[in-house]
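Worksheet: one structure, shown below.
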Amino acid sequence: ALVFFTKGYEQTIRDVVSDAVFDEECENMVVVKEIDIYSLCEHHMVPFFGKVSVGYLPNKRVLGLSKIARICEVFSRRLQVQERLTRQIAEAIAEAIQPRGVAVIVECLHMCMVMRGAQKVNSRTTTSAMLGVFREDPKSREEFLSLGRITPF
């Protein structure tokens, strides 16, 4: 089980993305939302799980949609902290296709918060990473935050 839970260490983004980068004159936002993820907290070795929403503004290249989910899987299948996971997903997509901007929201339930310590069963943690136009342009950021909203799980 632990080998499967940490299989992301044996995968690279280049291998996952492969040849799924396409030249396209698309200028509209692409959003893939509510991608399920499962990971292990590197501090406590207990699971955390939740959903990821990813958006990007293409710059003459688009990424195969399933590859976005696979990028999320690569990084979630490593010992993680949610803050790093969020940033790694955004940076990997930026590196793969050099879009005008990338935005990522991750919302998770951490068993280290539920099973021990604070024991707060209904607490969820939300993190975001905004790169490029999503950091610079409030309207683009707001559009993504509206489209990428994660429904309660």
Distance in Å, Ile89 CD1 paired with Ile37 CD1, rounded so as to fall on 0.5 Å steps | 6.0 Å
Could you state the interatomic distance from CD (Glu27) to CD (Glu24), rounded to the nearest 0.5 Å?
-> 11.0 Å
Tell me, do Ile71 and Leu63 make a side-chain contact under 4.5 Å, heavy atoms counted?
-> yes
So how far is it from Met113 CE to Gln119 CD, rounded to the nearest 0.5 Å?
-> 10.5 Å
Side chain proximity check, Met29 to Leu147, heavy atoms < 4.5 angstrom = yes
Do Val102 and Ile150 belong together in a cluster built from hydrophobic side chains that touch within less than 4.5 Å?
-> no
Parallel, tilted or perpendicular: which describes the rings of Phe134 and Phe144, with under 30° parallel and over 60° perpendicular?
-> perpendicular
Calculate, to the nearest 0.5 Å, the distance between atoms NE2 and CE belonging to His44 and Met111 respectively.
-> 13.0 Å
Kindly check if the number of other-residue, nucleotide or ligand heavy atoms within 6.0 Å of CZ (Arg124) is above 12?
-> yes
Is it true that atom CD of Gln98 has more than 12 heavy atoms of other residues, nucleotides or ligands lying nearer than 6.0 Å?
-> yes
side-chain contact (heavy atoms from CB on, under 4.5 Å) between Ile35 and Lys51, worked out = CA-CA 5 Å; Ile35 301 165; Lys51 298 187 180 288; over 6 Å; no
Are Val74 and Val32 co-members of a hydrophobic cluster defined by side-chain heavy atoms under 4.5 Å apart?
-> yes
Check whether Phe75 and Leu65 end up in the same hydrophobic cluster, where Ile, Leu, Val, Met, Phe, Trp and Tyr are linked by side-chain heavy atoms less than 4.5 Å apart.
-> yes
Min side-chain heavy-atom separation Leu145-Met130 under 4.5 Å | yes
When hydrophobic residues are tied together by side-chain contacts of less than 4.5 Å, even through go-betweens, does Leu109 share a cluster with Val106?
-> no
So if you build clusters from Ile, Leu, Val, Met, Phe, Trp, Tyr with side-chain heavy-atom gaps below 4.5 Å, do Val3 and Leu40 land together?
-> no
Any side-chain heavy-atom pair of Arg141 and Pro138 under 4.5 Å = yes
Any idea which heavy atoms bring Tyr38 and Asp36 closest together, and the distance?
-> CE1-CB, 4.2 Å
Side chains of Tyr56 and Val62: closer than 4.5 Å at any heavy-atom pair?
-> yes
Asn122, CG atom: more than 12 neighbouring heavy atoms under 6.0 Å | no
Does atom CZ of Arg84 have more than 12 heavy-atom neighbours, drawn from other residues, nucleotides or ligands, at distances under 6.0 Å?
-> yes
Are there more than 12 heavy atoms of other residues, nucleotides or ligands under 6.0 Å from atom NZ of Lys7?
-> yes
For residues Arg149 and Glu34, report the shortest heavy-atom separation together with the two atoms involved.
-> O-OE2, 3.8 Å
Which pair of non-hydrogen atoms, one from Gly148 and one from Ser53, has the smallest distance, and what is that distance?
-> O-OG, 2.8 Å
So, Arg77 side chain and Tyr9 main chain: donor-acceptor pair closer than 3.5 Å or not?
-> no
With no hydrogens and no angle check, is any side-chain donor or acceptor of Thr86 less than 3.5 Å from a backbone partner on Gln82?
-> yes
Mind running side-chain contact (heavy atoms from CB on, under 4.5 Å) on Lys67 and Arg70 for me, showing each step along the way?
-> CA-CA 5 Å; Lys67 303 307 182 183; Arg70 291 186 189 278; 4.2 Å; yes
Carboxylate-amine/guanidinium contact Arg61 Asp23, below 4.0 Å | no
Which atom of Val52 lies closest to which atom of Cys72, heavy atoms considered | CG1-SG, 3.8 Å
Going through the checks in order, is the side-chain hydrogen bond (donor to acceptor under 3.5 Å, both in side chains) test met by Gln88 and Gln80?
-> CA-CA 11 Å; Gln88 287 176 326; Gln80 275 293 9; 2.6 Å; yes
Could you tell me which non-hydrogen atom of Phe48 sits nearest to which non-hydrogen atom of Leu85, and how far apart they are?
-> CE1-CD2, 4.1 Å
So do the side chains of Met45 and Leu79 get within less than 4.5 Å of each other, counting heavy atoms only?
-> yes
Between OG1 on residue Thr151 and CD on residue Glu107, distance to nearest 0.5 Å | 9.0 Å
Looking at Ser140 and Leu57, what are the two nearest heavy atoms and their distance?
-> OG-CD1, 4.1 Å
When you look at Lys33 and Ile105, which way does the side-chain contact (heavy atoms from CB on, under 4.5 Å) test go after all the steps?
-> CA-CA 9 Å; Lys33 62 189 267 181; Ile105 298 172; over 6 Å; no
Donor-acceptor contact below 3.5 Å, side chain Ser39 vs main chain Ser76 | yes
Can you tell me how far the CZ atom of Arg87 sits from the OG1 atom of Thr127, to the nearest 0.5 Å?
-> 11.0 Å
